[in-house]
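Quick note on labels: first sequence line is chain A, next is B, and so on, each numbered from 1.
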Protein chains: 2
Amino acid sequence: MNLQQLRYVQEIARRGLNVSEAAESLHTSQPGISKQIRQLEAELGIEIFVRHGKRLVEVTEPGRQVLAIAARLLGDLDNLRQVGREFSDKTKGRLAIATTHTQARYTLPTAIQAFIAAYPGVELSLHQGNPSQICEMVLRGEADMAIATEAIADHADLLTLPCYRWNRVVVAPLGHPLLAASRLTLEDLADWPIVTYDAAFAGRSRIDHAFQARGLAPRVVLSAADSDVIKTYVRMGLGLGIVAEMAYDPVQDADLGVLDAAHLFETSVTSIGLRRNAWLRSYVYAFIEGFAPHLTRAVVERTLVGGGSAFDI
Amino acid sequence: MNLQQLRYVQEIARRGLNVSEAAESLHTSQPGISKQIRQLEAELGIEIFVRHGKRLVEVTEPGRQVLAIAARLLGDLDNLRQVGREFSDKTKGRLAIATTHTQARYTLPTAIQAFIAAYPGVELSLHQGNPSQICEMVLRGEADMAIATEAIADHADLLTLPCYRWNRVVVAPLGHPLLAASRLTLEDLADWPIVTYDAAFAGRSRIDHAFQARGLAPRVVLSAADSDVIKTYVRMGLGLGIVAEMAYDPVQDADLGVLDAAHLFETSVTSIGLRRNAWLRSYVYAFIEGFAPHLTRAVVERTLVGGGSAFDI
DNA sequence: ATTTCTTACGATCACCGTAACAATA
DNA sequence: TATTGTTACGGTGATCGTAAGAAAT
């Protein structure tokens, strides 16, 4: 049994049981992988993959167990490298954050600005995607943390650190009749065409849920992954926008009217997602605390070792 | 970086930083280990050990981190082997239980009898030791579980599953004046010579603590690791025995008088200790549930993934 | 003086890549 | 027929053990 074999198994699973693809992505030969897999199976005394003739078509039950353990083991291998980097130079390194547009554009900038000032030697990179892509990036080790609303807690292999609560606002072109309303209701909203987030994003499900609970069927004329895209189409008069409250900027969005909608929808919580059992470099703790001051190093460490995800903010 | 290097690092640390000893215990050459360690240190860019000239004298701070991660990683390697064994034959295998004399002699027998009847293909072995030795055995992978009172929760790398509560009884030769007392007090006990457990064992600390809280200094004339040894010396008239209630057998110990002492000492809890992140074979779950029926597979699994140790019994 | 780690060197063995083959869709 | 995994084989390179050397107690 060796590490290479475990990498091979993992990559085959990730590539949809295609050994040739796995070989290519690992820059090695396909027969080499094939042989190592048979060897691993022989040593463990189990079949990891179900074969139809010469084709891998499924992961066996023991194979699933092996994959789960191998993932953690290879994660620890990565942790060892992090320890090396941390102690060879605490000020140099990389920090990859996987997040959604709304976070990247509206909530992260101040934390990031402070971070790059404090850690000029750290190469920071932002990777955008929808919540499930973001989680994948962290699980694959491509990103150090995920920052998103929802979807993180769904992954059993990710640890959830709640950061802050937020709700939505309605934006409309200045002069829109709705802006005169004293207190906004869902029924008011349902009268107008709506522009809001894509299904996969930022608590769109909360919006749908609120309308459904009242038996209303809002007419969503456009959905987007991106608060700025939504506001652009609202400016064009396509409809009312429902966006995260962070996404309304009083200065830049002065040409849009805004109405609080916090009483209409359930609160959402934005969280940081970390790989379970991850070993974090000191500047990662610093970044997290900069973004959510209650997430001190001690709190995060306790959650990492405890494995628990349940605490309130 | 490879698995061998991590095994080497771990073994060197276990053998008190003696590379030669580590080489012998791993059945390999000392220069081979030495070279691999330097190679690992070079790859990680850190020193794992502090050297005085050519001698390893200490583990560095990054070294401690590496050791902790390597332990979990190698544990996962063992988990992979367990998966292999489980699925190649669910009925065959080994179960190593590390425990104290009192558990082995008085609380485990019925669970063990049921287990060997249900799993005749499983080789069961009991390894006795004091609580801290027991924990070590589990951490080193020599035993699958520890069963003991106290000391398990002290190890951060062990998971604690509380099994049952118990307290102590006082035993004395028949005819001993104390046996006539209506209700036993600590002051009564302090008047007589006492035989009880060794400091490392079975809640001896609770006994000392109770006396101290009352300003009493009991005269412990003999302390032993073993309830049977204690009873033997009580039979010889050496003093009063304070033993776990499980250790008094109404039939075999008919020649001894017994007094309940539950109101004098704090309750103790006997727990099972498991390696964190361990992957357990199905018969291990079965054994645990046989010993402590509230510890069903579902409960134990939840605790293993959650990493938490805090639940009540 | 003895124990202990490091360096040097040589042999073995495992791994990897190329090529040919077999089986599936 | 094209794609994909297995078997066969040969070369490279890493690992390991022996032997000699250096530094510490």
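Rounded to whole angstrom, the span from the CG atom of Leu56(B) across to the C1' atom of dA23(D) amounts to 13 Å. Glu58(A) has its CD atom 16 Å from the P atom of dG5(D), to the nearest Å. Distance CG (Leu40(A)) to P (dC15(C)): 12 Å, rounded to an integer number of Å. We find that CZ of Arg15(A) is positioned 18 Å from C1' of dG5(D), with the value rounded to whole Å. To the nearest angstrom, P of dG5(D) lies 12 Å from CZ of Arg38(A). Per the geometry, CD belonging to Glu24(B) stands 16 Å off C1' belonging to dC5(C), to the nearest Å. In this structure, Leu3(A) places its CG atom 14 Å from C1' of dC15(C), rounding to the nearest Å.
As judged by a 4.0 angstrom heavy-atom cut-off over every strand, Leu17(B) is placed among residues touching the sugar-phosphate backbone only. When heavy atoms are screened at a 4.0 angstrom cut-off, Ile37(B) is found touching no nucleic acid atom at all.
Side-chain N/O atoms of Ser20(B) include one lying less than 4.0 angstrom from OP1 or OP2 on dC5(C). Considering only side-chain N and O atoms, Asn18(B) lies under 4.0 angstrom from the phosphate OP1 or OP2 of dC5(C).
Each salt bridge (charged side-chain N to carboxylate O under 4.0 Å, His left out) pair with one or both residues in residues 71-81 of chain B, not counting sequence neighbours, appears once here: Arg72(A)-Asp76(B), Asp76(A)-Arg72(B), Asp78(B)-Arg81(B).
By the 30° and 60° cut-offs, the orientation of the rings of Phe87(B) relative to Trp279(B) is tilted.
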Detail all sub-3.5 Å separations between protein N/O atoms and N/O atoms belonging to nucleotides 22-25 of chain C.
unit_1  : atom_1 : unit_2   : atom_2 : d
dT24(C) : O2     : Arg55(A) : NH2    : 3.0

Produce a footprint string for nucleotides 12-17 of chain D: one letter per nucleotide, 5' end first; B if the base is under 4.0 Å from any protein heavy atom, S if only the sugar-phosphate is, - if neither. ---SSB
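No more than 12 heavy atoms of other residues, nucleotides or ligands shown are found within 6.0 angstrom of NZ on Lys92(B).
Closest approach of Met145(A) to Val284(A), counting heavy atoms only: CE-CG1, 3.7 Å.
For Arg297(B) and Tyr285(B), the positive end sits near the middle of the six-membered ring, less than 6.0 Å away and at most 45° from its axis.
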